[in-house]
Amino acid sequence: MLLIRCPYCEEERPELEFRNAGEAHIARSANIAGESDDDFEKFFFIRSNPKGIIYERWRHIHGCARFFNAVRDTVTDKFVMTYKAGEPKPSKLPGAAK
Amino acid sequence: MSGAFRIPAAGRLKQAKTARFSFDGQSYAGIEGDTLASALLANGVHLVGRSFKYHRPRGILSAGAEEPNALVQIVRDEARKTPNVRATVQELYDGLSANSQNRWPSLAFDVGAVNDLASPMFSAGFYYKTFMWPKAAWKSLYEPKIREAAGLGVSPDRPDPDHYSSRYAHCDVLVLGGGAAGIAAALAAAETGVRVILADEQAAFGGSLRFESGARIDGQDGFAWAQAAVAKLAAMDNVRVLPRTTAFGYYAQNFVGLVERVSDHLKTPGHDLPRERLWQVRAKRVVLASGAIERHMVFANNDRPGVMLAGAARTFLNHYGVAVGRNVGVYTANDSAYAAAIDLKKAGVNVAAIVDLRDNPTGPVIDEARALGIEINFGRAVIRAGGKLRVSSMTVQPKNGGGERTIPVDAILMSAGWTPSVHLFSQSRGKVAFNDETRRFVPGTYAQDCVSVGACNGTDGLSATVDEAYAAGAKAAKDSGAKAAKGAKPKVDASESWSRGMLGAAPGAGPDTTVKAFVDFQNDVTAKDIRQAVHEGMRSIEHVKRFTTNGMATDQGKTSNMHGLAIAAETLGKPIPEVGLTTFRAPYTPVTFGSIVSHARGPLFDPTRRTAIHPWAEAQGAVFEDVGQWKRAWYFPKGGEDMHAAVDRECVDVRTKAGLFDASTLGKIEVVGPDAAKFMELLYTNPWEKLEPGRCRYGIMLREDGFIYDDGVVGRLAPDRFHVTTTTGGAPRVMNHMEDYLQTEFPHLNVWLTSITEQWAVIAVQGPKSRDIIAPLVDGIDMSDEALPHMSVREGKICGVPTRLFRMSFTGERGFEVNVPADYGQAVWEALWAEGQKHGATAYGTEAMHVLRAEKGYIIVGQDTDGTVTPDDAGLDWAVGKKKTDFVGIRGLKRPDLVAKGRKQLVGLKTKDPKVVLEEGAQIVEDPKQAIPMKMIGHVTSSYWSQNCGRSIALALIAGGRDRMGDTLYVPMPDGVIEVEVTGMVFFDETGGRLNG
Ligand SMILES: [Zn+2]
C-alpha cells in the first residue's frame, strides 16, 4: 500500500484514504460551449497515458477531502511529489537529472 | 518409543510427551515438537502423496516451507478440512488427523497412476494442446475429469467456522527470517532502542542452526544460542517477536504482509484465539534474512519416496531425532551433503556410499567422511533411483559414461547446492544479479529501504553471516533514527561453510535421454519438458514457465526455478543471465482467504445503513430490500398478503386516500454561499438564478460528455441556500462531482457543500388526503394551495420540531415530503401515522413507489438511464436551460452522435395483452420473424403490473422511439413473442390534475 503525501494535510497517509481523479492540468475551457469538436475531443477524451512520469489529480477523500495534484512514475508506481490544486506544473522534479 | 526410526540420543525433542496422530486412517505415535513430516518419518512412512499430473508416488523432499510433495489434508472436523498443508510445516498435536491427497482408491494403489504410463499425452504444454478438440467435449468431459484427477486436495464444503484477525503495525526495523542472520540483525537494532519486529515462519527460531551441528556461537551450540537470543529479544519492550509468521508479500514503501499462524498447531485451539492473524507492517527499514533453499539433483526417478534433500535429512536427525533410513546413499555436487552423511553415520545409520559429481574435491568434511569409513565416489553420477513406492537402490555410473553399478539403499540424500531465497527482495522490485563465479542470483540493485543479509545475500559461512547481519541491523537502526548501540556482537566460535554446486540436469538426464528427471515436483515438470518447450519455440523464460508450468502455483520456483532456468539456457545455447529469471510473485507461501478477509465477512462485510424509521417498519412486518448499503422497506404485507397483493393495495390506497413512505435514504446536499446560485447554474442543466426562495425545481445533472448523471428536486431555501436532493445510490458520487468542480474548475465561487443525507429523515406523505394528515401537526406554515403550491418548500415546525416541508410529488398525487432532524424521524412518523389512520392512509414501500412513479412516467436515473442517455433521449429536454452559456455537459450535448437522428428514446410500452407484464431488460425488435441474430432496437427499462391502470405498464429505450407512437413492436422471449404498442410515458392522469386534487 502506497503512502501519499497530502499537500494540504502536510502528511503522508495510506493510499486507502485517497482516490485517483484522472490526469491533471487539463483545464476546462472558459468558453467550453463554443469549443470545436477537435478541441473538445482533446479536452474530454484524450489522455497521455505515459510510461514514466504522469501528472495526476488525487483526492484526499477520507481525510481533508481536498483535490490536489501528484507526480507519479507509472513504471515504479512511486509518487515523485504532490502539490496543491491550481499550482502550476512543476518545471523541475526532485531527484530528476540536471 | 515414538516410531522405529527415532534415535533416542539424537534431536532436541523431549521423548516424554507423546502425541498420537493418524494418517490415512492409520494411527501412529509422534512427539510434541514434531512436524507431521518428522513424525511420519519416525514411523518409517515416506509415501505421503501422489503427484499432480502423473499421480506418481511421492515422499517428503524437504523439512520446510519449500516442500513441493508432502501436501496433505488436515481434518479437524466436518467444517475444518484444510487441503494442501505442507506436512513439513504442520506441527504435530495430539489427535491430529491427516489424509493424503490426489489418490484413489488408496495411496499405494492409485488408478490415476495410469497417467504416468500415458505420459506422452501429458507432456509440456498439454493444457494447451490435448484438450482443445472437440470443443464440446471440454465442458462435459475433459474439464471435469482433469479437475477430478489433477486436483490438489478437496476444498471444505462448509463455511469456515474459525475467525481471523488483522493488525496494522509500524516499526523502525523489520527483520524477516529468524536464523543466525536475522537474530544477529535484530539484536543489533534492538540494542539501540528502536522498534523492532522479528518474524520467522517456523515455530522455533534458529533457521539452519536447527541442523548445523558444527555451529557454535558465544560458547554455546548454535541452536541453543538462537533460543537464548530470541528470549532476550522477546523480553525487550521495543521488540516484537513473531514465530510461525510468514512474510508473504513485500509491497511499496516497505509495506510487508505477514501471516501469523496462531492456533493451527494446538490440539484444542479455543475460541478466544484467531486461527491466523494478518500483520500489515510499515517499516522504516527492512532486513531480509530469508536464507537459502537447497536444490535437488535432477536425475531419473529423483522423485521416489525416500529421495530427499541432504539438509532436510540432517534436520530430521539433528532436530527431531529421526533417521530417514537405515541404509542411505548420498548424491551431491557440493560439500553440504557430506555433513549429512557424517551426522547420520555418527548416529548409527549406515551410509552406503557418497556419489559426488565433482572430480577431486578436497576439504575437511571430505576428510572426515573418509575417516568415518564412508565410501566416496568422485566424478560419478546417480543415473537412476530404483523402487516405486519407496526408493530401493541407486544406480551409479561414471559421469562421462561407462559401467553401471546398482547400490541398494532405502534413502538418497541429495544436494545440488543452495539457492539464495531472493523472493522477498524480488517482490520489493529489487533487481537480482547473477554471480558468474558462484552461479547464483543474489540481490543486485535495491528499489526500497531494505538490505539482505546472510545466505539470501549469497554470504557463505556463519561467521561472515553474523558479521554482516549485525552490522546491517545496526545500520538499519541508525538510518531509522537510532542514537547509538550498546550491545556486543555475537561471537562465532565454529561454523560450517559451503557454496557452489551445480545447476540443471545431471548426467544421465541429458538432452539425449527421455527419463523422468524432475525439475519441479509439485507441477510434475521434467528436464525433458523444459527442453521440449524450448524446441517448440518458447524463447523467454516466462513463456517456458507458463508452457511447462515450472515454478507455478504455490511452489513459486523455490526448489525448481534455477534448474529449470539452467536447462532452458543450455537448450537455447545462451548464458543464464541472458535468459533471465522469472518474476517471483506474492504470496511466498499460500495465504488463506480467511486471513485476508479477517473480520470482514457476514454482517461485517459491508456497513448496513438503516433509517430512523427502520424500527417502525420492522415492527410493522415490512419486507426489506437492499439498496446500496441501505435497508429499505420494500412492501408491507398485511394478513397473509403476498408481494403482489400488498403492492397493489398500497398503490391503490395512495391514489384513493394517502400513503406514508420513508424517503430518508434520498441523497441530500446543502449548497450554501453567496455564489450558490451561480454554482447550481454550472452543475445543473436548469436555470436557477431566477428560482425564488421557497420554490423547488426538478434538476438534471450531466457529466461533461452530456449524459445524465443524476437528478432530483432542489429547493431554494434562501437566496444563498439550496437544499439539493439526489438519487439514493448517487449521493456520494454527486457530492464528489460537485466538490471536484468547486475545488478545481470553479474555485472562484464562494460556495460550501455539506452532505445532509443523514441529518434529515424524510417522510413522504402522498395522496388526496395528504394535506389533511399533515396540517394539524404543522406550526407556522400556511398549507393552502395559494401559499404552498406544488413545487415549493417552507421551513417551520411539525410536532414541535424543525421541518423543511416540501410540497412535491413522486406519485402524481398531491404530495409532501416532510424533512425533520433524523433523531425525531420516528416520532414524527408515528405522529403522522396516527393522524393518517383517521384518513385510511397506508404505509407503502419502495416497490409501490416504483409503480406509482412509472404510472406517471417519472424516470429513475440508473434504471431508465444507463450513462448513455441525454435529457432529450429521456424526454426531459424542457429541463435544459436554452439560454444558458455554460453548464457541465453543455458542450457534450452538442457532439455529433448526441444530436444525430435515431437515438434511443424513452417511451412507454403497452402489451397487447394487458395481463402480460414484460421483463425488465427484455430486448425489442421490429420484426420477430427475421433471422437470428435479430436486430435489436431497444430494451425494456421499467415494467410493472399497475393495479390503478388495470393493466401492465412499461418504459423502454427504443431507437427513434418518439417517432414510433402507436407502432406495434415485438419482444421475443423464450416461451413466445410478446406484442407491444409504443405509447407516451404517462399512463395515469395525463393532464396532471391530481397534483392539486
Ligand atoms: Zn489532506
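Per chain, numbering begins at 1; letters A, B, ... match sequence-line order.
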### Query
Do other residues, nucleotides or ligands put more than 12 heavy atoms under 6.0 Å from the CZ atom of Phe45(A)?
yes
### Summary
Cut-off 4.5 Å, heavy atoms of chain A, and the answer for Val888(B) is both
Table up the donor-acceptor pairs between chain A and chain B that sit under 3.5 Å, atom names plus distance.
{"unit_1": "Met1(A)", "atom_1": "O", "unit_2": "Arg282(B)", "atom_2": "NH1", "d": "2.8"}
{"unit_1": "Met1(A)", "atom_1": "O", "unit_2": "Arg282(B)", "atom_2": "NH2", "d": "2.8"}
{"unit_1": "Leu3(A)", "atom_1": "N", "unit_2": "Gln253(B)", "atom_2": "OE1", "d": "2.5"}
{"unit_1": "Leu3(A)", "atom_1": "O", "unit_2": "Gln253(B)", "atom_2": "NE2", "d": "3.4"}
{"unit_1": "Arg28(A)", "atom_1": "N", "unit_2": "Glu745(B)", "atom_2": "OE1", "d": "3.4"}
{"unit_1": "Arg28(A)", "atom_1": "NE", "unit_2": "Glu704(B)", "atom_2": "OE1", "d": "2.7"}
{"unit_1": "Arg28(A)", "atom_1": "NE", "unit_2": "Glu704(B)", "atom_2": "OE2", "d": "3.3"}
{"unit_1": "Arg28(A)", "atom_1": "NH1", "unit_2": "Asp886(B)", "atom_2": "OD1", "d": "3.4"}
{"unit_1": "Arg28(A)", "atom_1": "NH1", "unit_2": "Asp886(B)", "atom_2": "OD2", "d": "3.1"}
{"unit_1": "Arg28(A)", "atom_1": "NH2", "unit_2": "Glu704(B)", "atom_2": "OE2", "d": "3.2"}
{"unit_1": "Arg28(A)", "atom_1": "NH2", "unit_2": "Asp886(B)", "atom_2": "OD1", "d": "3.0"}
{"unit_1": "Arg28(A)", "atom_1": "NH2", "unit_2": "Phe887(B)", "atom_2": "O", "d": "3.3"}
{"unit_1": "Ala33(A)", "atom_1": "O", "unit_2": "Lys894(B)", "atom_2": "NZ", "d": "3.0"}
{"unit_1": "Glu35(A)", "atom_1": "O", "unit_2": "Arg891(B)", "atom_2": "NE", "d": "2.7"}
{"unit_1": "Glu35(A)", "atom_1": "O", "unit_2": "Arg891(B)", "atom_2": "NH2", "d": "3.2"}
{"unit_1": "Asp37(A)", "atom_1": "OD1", "unit_2": "Arg891(B)", "atom_2": "NH2", "d": "2.4"}
{"unit_1": "Arg57(A)", "atom_1": "NH1", "unit_2": "Asp740(B)", "atom_2": "OD1", "d": "2.8"}
{"unit_1": "Arg57(A)", "atom_1": "NH2", "unit_2": "Asp740(B)", "atom_2": "OD1", "d": "3.1"}
{"unit_1": "Arg57(A)", "atom_1": "NH2", "unit_2": "Asp740(B)", "atom_2": "OD2", "d": "2.7"}
{"unit_1": "Arg59(A)", "atom_1": "NH1", "unit_2": "Asn736(B)", "atom_2": "OD1", "d": "2.5"}
{"unit_1": "Ala65(A)", "atom_1": "O", "unit_2": "Gln743(B)", "atom_2": "NE2", "d": "3.0"}
{"unit_1": "Phe67(A)", "atom_1": "N", "unit_2": "Gln743(B)", "atom_2": "OE1", "d": "2.6"}
{"unit_1": "Val75(A)", "atom_1": "O", "unit_2": "Arg429(B)", "atom_2": "NH1", "d": "3.1"}
{"unit_1": "Thr76(A)", "atom_1": "O", "unit_2": "Arg429(B)", "atom_2": "NH1", "d": "3.2"}
{"unit_1": "Lys78(A)", "atom_1": "NZ", "unit_2": "Ala447(B)", "atom_2": "O", "d": "3.2"}

### Message
If I measure from the heavy atoms of chain B, does Phe67(A) come under 4.5 Å with its side chain, its backbone, both, or neither?
### Response
both
### Contacts of type ring-ring contact (aromatic ring centres under 6.0 Å, His included), residue Phe707(B), not counting sequence neighbours
none
